[in-house]
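Encoded as structure tokens, the structure appears first; notes follow it.
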Amino acid sequence: MNENLLNRSLSAVWHPCTQMKRHETLPLIAIARGQGVWLHDFDGNRYLDTVSSWWVNLFGHCNPRINAALTDQLGKLEHVMLAGFTHEPVVLLSERLRELAHAGLGHCFYGSDGASATEIALKMSAHYWRNNGQLQKSQFISLQNSYHGETLGALSVTDVALFRDAYGALIKQNATVPCPDWREAEAGESAEDFALRCAAALEQHLQQHHQHLAAFIVEPLIQGAAGMAMYHPVYLKRARELCSQYGVHLIADEIAVGMGRTGTLFACEQANISPDFLLLSKGITGGYLPLSIVMTTELIYQAFYADDTARGFLHSHSYTGNPLACRAALATLDIFAQDDVLNANRIKAAFFNRIAQPLREHPKVRNFRNTGMVWAFEVDSPHADFAQRCFSLGLQHELLLRPMGNTVYFMPPYIISEEEIQMLVTRTLSIIEALS
Ligand SMILES: *Cc1c(COP(=O)(O)O)cnc(C)c1O
């Protein structure tokens, strides 16, 4: 059954982010079911999902409360188009998010995945300036090593050569500004000072180019795909001030870092700022269904509100505001409230850091870092194919680890238990020993 399924998958399914030829030697893993932090294959093996299945899962696989909400919703309404129609889950979700973001982000526009949220924000920002008669404001800036998705518009603000280069001819050229990742600080320079130095570079860029700039898009506090690069919140504070000063929108891409990942519900809260656009996806449905949301302000909303159809924001996706996805998001927000999740995570993260002390102090481990429920570090290893070996050894130790280069990271579902944290750290130590 298992063997058969793997071969059929390799023959019929073109897997994402994968050189398919690799699978001549590297086995696929067919997952039969999930339960809590565990994924179970067809052969009786289990794997601790330390990466929350590409950063989406918050409260475990097959969560009984989310399952119950979806089952109830299935009996009522699976989908209806959102143009000209509305439904209860999308209204409730928009109102709940408006309250939670309590920063004047009163209007929710819906998409289907993270990249579509980026597209929507870029289009909405440029269209805002156009509606204001400033047609020349159509360029964007992002941080070095940024990641905002892989559709063509999103790639134009994504600074990952491997994902971009093949499509260079199709992509609009946008500039990047220095990234405040503290690993790049000078010796003796604090993370905060380095962030301020990078903010000064941003100021210089804005000074020179603001007439042509629509928006600055940023991953608040953690640049995920850059290898969990972390930076000081003062950068966001300065970025907000500078964007306001120079009349450039600030887009906070909280697709990966929102929904409590950094310790607060939204990462922007730690800099006490409010962006012009806040992007949510990934964890918003607890990892159940594709959904993305672009939250924006009254000012931007009003610039589109007119008798003229062409002044309106005419973007659409077939599954915009899908009721099942919105209901999963509501159930996810219910769990946050009912279980006081942010406080529970604070305690859990402190426990994790105590248990992870031997990792932090391991002679082959560098830059051990933590923000909220994300941990990352680099491993000195003689193996050029470290990531591949680490992944394979991880599976043998019942861990789903998916290093980026030599960066190992943990981004577990929030329901991970103390026992599972202990197991994760102990086994990761064995793997590092074996690979260094
Ligand atoms: C994952 C991610 C995206 C893209 O989301 P998809 O659903 O994969 O299209 C955009 N921005 C950030 C910061 C992400 O981590």
Side-chain angles (χ1 to χ4, degrees), residues 14-18 51-58 109-125 140-160 162-164 167 171 174 176 179-181 215-231 235-236 239 250-262 266-268 275 277-295 315 317-322 325 328-329 332 371-374 376 402 404 407 409-412:
W14 197 336
H15 291 266
C17 203
T18 300
V51 299
S52 294
S53 283
W54 258 355
W55 320 349
V56 299
N57 192 291
L58 301 188
F109 194 96
Y110 286 79
S112 312
D113 50 37
S116 68
T118 298
E119 301 287 340
I120 289 162
L122 298 181
K123 284 177 69 178
M124 220 180 239
S125 170
F140 301 98
I141 48 172
S142 63
L143 291 178
Q144 283 163 1
N145 306 322
S146 56
Y147 182 93
H148 298 289
E150 295 174 52
T151 51
L152 293 175
L155 273 179
S156 79
V157 288
T158 287
D159 185 31
V160 180
L162 183 64
F163 298 155
R164 259 186 84 112
Y167 315 105
I171 300 170
N174 288 308
T176 58
C179 126
D181 170 3
F216 173 35
I217 185 167
V218 65
E219 294 160 85
L221 299 185
I222 306 174
Q223 288 186 293
M228 300 299 159
M230 298 182 186
Y231 62 86
Y235 183 83
L236 296 172
L250 179 64
I251 304 172
D253 177 352
E254 298 223 11
I255 289 166
V257 298
M259 305 310 290
R261 236 344 130 177
T262 65
F266 303 116
C268 280
F277 298 92
L278 180 75
L279 315 188
L280 298 173
S281 189
K282 291 205 164 106
I284 184 73
T285 63
Y288 265 67
L289 286 158
L291 181 74
S292 64
I293 307 174
V294 176
M295 301 182 71
H315 188 98
H317 295 285
S318 317
Y319 283 96
T320 294
N322 173 256
T332 298
T371 300
M373 290 295 281
V374 183
R402 209 167 184 281
M404 296 184 269
T407 302
Y409 71 92
F410 307 133
M411 201 160 161

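This is a predicted model, so every value here is computed, not measured. Ligands are counted one by one from 1 in listed order, and the atoms in each one are counted from 1 as well.
Near Asp113, with a cut-off below 4.0 Å to any heavy atom, the atoms of ligand 1 are 7 (O). Numbered from 1 in the order shown, with element, the atoms of ligand 1 that lie under 4.0 Å from a heavy atom of His148 read 10 (C), 11 (N). For ligand 1, the atoms closer than 4.0 angstrom to any heavy atom of Gly149 are 4 (C), 10 (C). Counting the atoms of ligand 1 from 1 in the order shown, those under 4.0 Å from a heavy atom of Trp55 are 15 (O).
Of the protein's heavy atoms, at least one falls inside 4.0 Å of atom 11 (N) of ligand 1.
Annotation: atom 2 (C) of ligand 1 to nearest protein heavy atom, Lys282 NZ, 2.5 Å. Atom 5 (O) of ligand 1 has Gly114 CA, 3.1 Å as its closest protein atom, hydrogens excluded (heavy atom only). Nearest to atom 13 (C) of ligand 1 among the protein's heavy atoms is Asp253 OD2, 3.3 Å.
Distances from ligand 1 to the non-hydrogen atoms of Trp54 include no value under 4.0 Å.
Residue Cys179 comes nearest to Asn145 through the heavy atom pair SG-ND2, 4.5 Å, listed as atom of the first residue, atom of the second, then distance.
Remark: Tyr319 OH is loosely packed, at most 12 non-hydrogen atoms of other residues, nucleotides or ligands lying under 6.0 Å away.
Considering both main-chain and side-chain atoms, Ala115 comes within under 3.5 Å of ligand 1 through a nitrogen or oxygen pair. Taking any N or O of Ala256, backbone or side chain, none lies under 3.5 Å from an N or O belonging to ligand 1. Between Thr118 and ligand 1, no N or O atom pair is found at a separation short of 3.5 Å.
At least one donor-acceptor pair under 3.5 Å links the side chain of Asn174 to the backbone N or O of Phe140. In this structure, Ser142 contributes its side chain and Asp159 its backbone to no donor-acceptor pair below 3.5 Å. Glu254 places a side-chain N or O within 3.5 Å of a backbone atom of Ala267 that can act as its donor or acceptor partner.
For the side-chain contact (heavy atoms from CB on, under 4.5 Å) with Val218, the lone residue among Leu236, Ile251, Asp253 that qualifies is Leu236. Tested against Arg261 for a side-chain contact (heavy atoms from CB on, under 4.5 Å), the candidates Leu58, Ile222, Thr371 yield a single pass: Leu58.
Rounded to the nearest 0.5 angstrom, Tyr167 OH and Glu150 CD are separated by 8.0 Å.
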